[in-house]
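Input: a single structure, listed below in structure tokens.
Whatever order the structure lists them in is the order used to number ligands and atoms, beginning at 1.
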Amino acid sequence: MPNINPNPTKKGALTRRDFLWLSSMTAAGLMFGCATDPVTGKSQLMLVSEDTEIQIDKQYSPLQFSSDYGEVQDSQLNRYVSQIGNKMATSSHRPHMPYSFRVVNATYVNAYAFPGGSIAATRGIMLSLDNEAELASLLGHELGHVNARHSAEQMSKGQLTQAIVGGVSVLAGTQSAVLGDLAGQLGQIGAGALLASYSRNNEREADALGMKYMVAAGYGSEGFIGLMDMLNSMSKHKSTTVDLLFATHPMSQERHDTAVQTANTTYQSALNGPLHRERYMDHTAQLRAKKGAIEEIQEGEKQMAQRKYDAATGHFRQALKKAPNDYVALCMMSTSQLVQKKYAVGRQYAEMAQKSYPKEAQAYHLSGYAKIQLKNFEGAYNELSAYERLLPGNPNTIFFKGYCQEGMNHVPQAADEYNRYLQVVRQGKYAQHAYKRLVDWGYIK
Ligand SMILES: [Zn+2]
């Protein structure tokens with residue numbers, strides 16, 4: 001047994017090399033680090049320590065939350081969701097984990113958990129739920145993934161590891177040209193690529209735990225059936241709005257039927273427990289008032305995915321008529337303008353987005369990109385620096401900062417940023433550009 005510590009050592013940051021190391025070790029078939037599954041008590045192959053789970057969470061969850069346009073600026077709603085999540089977390093199998101719960105602004109339908117316990121639900125899925133017991137079921141299911149350590153398990157099998165390493169480099173590698181087509185990537189970190197794709201067994205276990213936790217918290221088990229009904233009908237009407245949800249959490253008739261059966265047998269006594277529909281409606285009133293705008297954004301995003309930018313713009317315009325300060329609508333409108341090379345208008349919407357949510361990073365990236373295109377490299381550099389202060393760890397920002405310095409003919413500063421970028425990303429057009437400049441400037445011999 002080699003004496004190797006799988007925990008990263010440098011300043012608590014998990015580096016790309018740590019990930020590569022982890023995946024190469026599993027690829028070599030080395031078995032070590034057995035641990036006890038906190039839920040079943042059985043021994044499981046575990047290459048990932050609890051500290052590492054927490055570190056991965058800390059490093060990646062902020063990127064994902066920003067990719068989803070940050071948490072909603074509705075503190076009452078976030079408090080409500082946190083309260084329900086925390087109540088269940090304290091009676092879970094890993095009550096000591098640093099759980100946190102929030103609603104994120106994204107309008108597609110999804111919920112997800114990072115391995116340290118950072119859990120989010122989108123505005124899209126919140127609008128699809130009917131009562132508090134369904135919300136508790138959803139959060140309980142995500143808690144189930146954290147408690148059964150499913151992400152760590154996927155990582156130990158070398159699957160999520162590659163998704164994470166690939167997530168960053170693949171993203172950079174798919175750009176058609178430096179500063180070219182940016183739809184769906186500007187300011188984004190390959191949404192979803194950082195999240196675990198759970199197995200069907202993982203889903204079964206998360207469902208079982210989810211129902212256990214929500215019943216223990218006093219809800220009627222019928223709420224879990226309600227959630228399954230909703231997911232089941234959504235999975236039958238395929239749409240891009242739910243793609244990511246079902247890619248990460250496989251849905252099946254079996255999941256649905258098992259939930260109905262368990263609710264009627266194991267948790268029969270809780271079947272008619274409270275669902276708290278009114279309480280849910282009260283706390284989501286502000287969100288539901290934006291339903292029309294959110295549906296327009298969902299439509300616009302579908303059109304964006306098909307590169308129908310005129311149609312998309314029309315939907316975002318409608319969304320902004322209904323909700324003039326909506327951060328997602330403003331960011332999406334900016335993106336649709338930038339993709340159509342309407343840089344000045346794109347910048348205006350990005351600035352409106354910054355004003356509507358000054359602490360959220362993504363609009364600074366959009367604004368920075370617009371200013372690069374308008375050849376305002378100094379302005380762009382300032383926007384990107386503001387972005388990086390709010391959200392460190394996005395390699396695209398580093399590349400663009402280098403590109404701004406290059407635009408200002410600040411060669412040593414540009415070389416610094418390009419060098420920093422190549423520490424993280426080795427493939428793709430941006431990496432090629434950075435590498436070529438370093439060679440041209442004599443930094444690489
Ligand atoms: Zn799941």
Worksheet entry | D51/Q55 under side chain to side chain donor-acceptor pair (under 3.5 Å): CA gap, chis, key distance, verdict | CA-CA 6 Å; D51 283 349; Q55 243 160 9; over 6 Å; no
Discussion item. Strictly below 4.0 Å, N to O, side chains only: are E53 and R94 in salt-bridge contact?
Written reply: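 Yes, this pair counts.
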Worksheet item: Going by atom types only, do D74 and Y80 share a side-chain donor-acceptor pair under 3.5 Å?
Response: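 There is no such pair (donor and acceptor under 3.5 Å, judged by atom type) between the side chains of D74 and Y80.
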Discussion item. Which atom name would you report as the N, O or S atom of H249 nearest the Zn ion (ligand 1)?
Written reply: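 Of the nitrogen, oxygen and sulfur atoms in H249, the Zn ion (ligand 1) lies nearest to ND1.
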Worksheet item: What's the atom name of the N, O or S in H145 nearest to the Zn ion (ligand 1)?
Response: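 Answer by atom name: NE2.
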Discussion item. So for atom CD, which belongs to Q83, do other residues, nucleotides or ligands contribute more than 12 heavy atoms lying within a distance under 6.0 Å?
Written reply: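 No - once you tally the heavy atoms of other residues, nucleotides and ligands closer than 6.0 Å, there are 12 at most.
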Discussion item. Any N/O/S atom, side chain or main chain, of E203 closer to the Zn ion (ligand 1) than 2.8 Å?
Written reply: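 Yes, since at least one N, O or S atom of E203 sits under 2.8 Å from the Zn ion (ligand 1).
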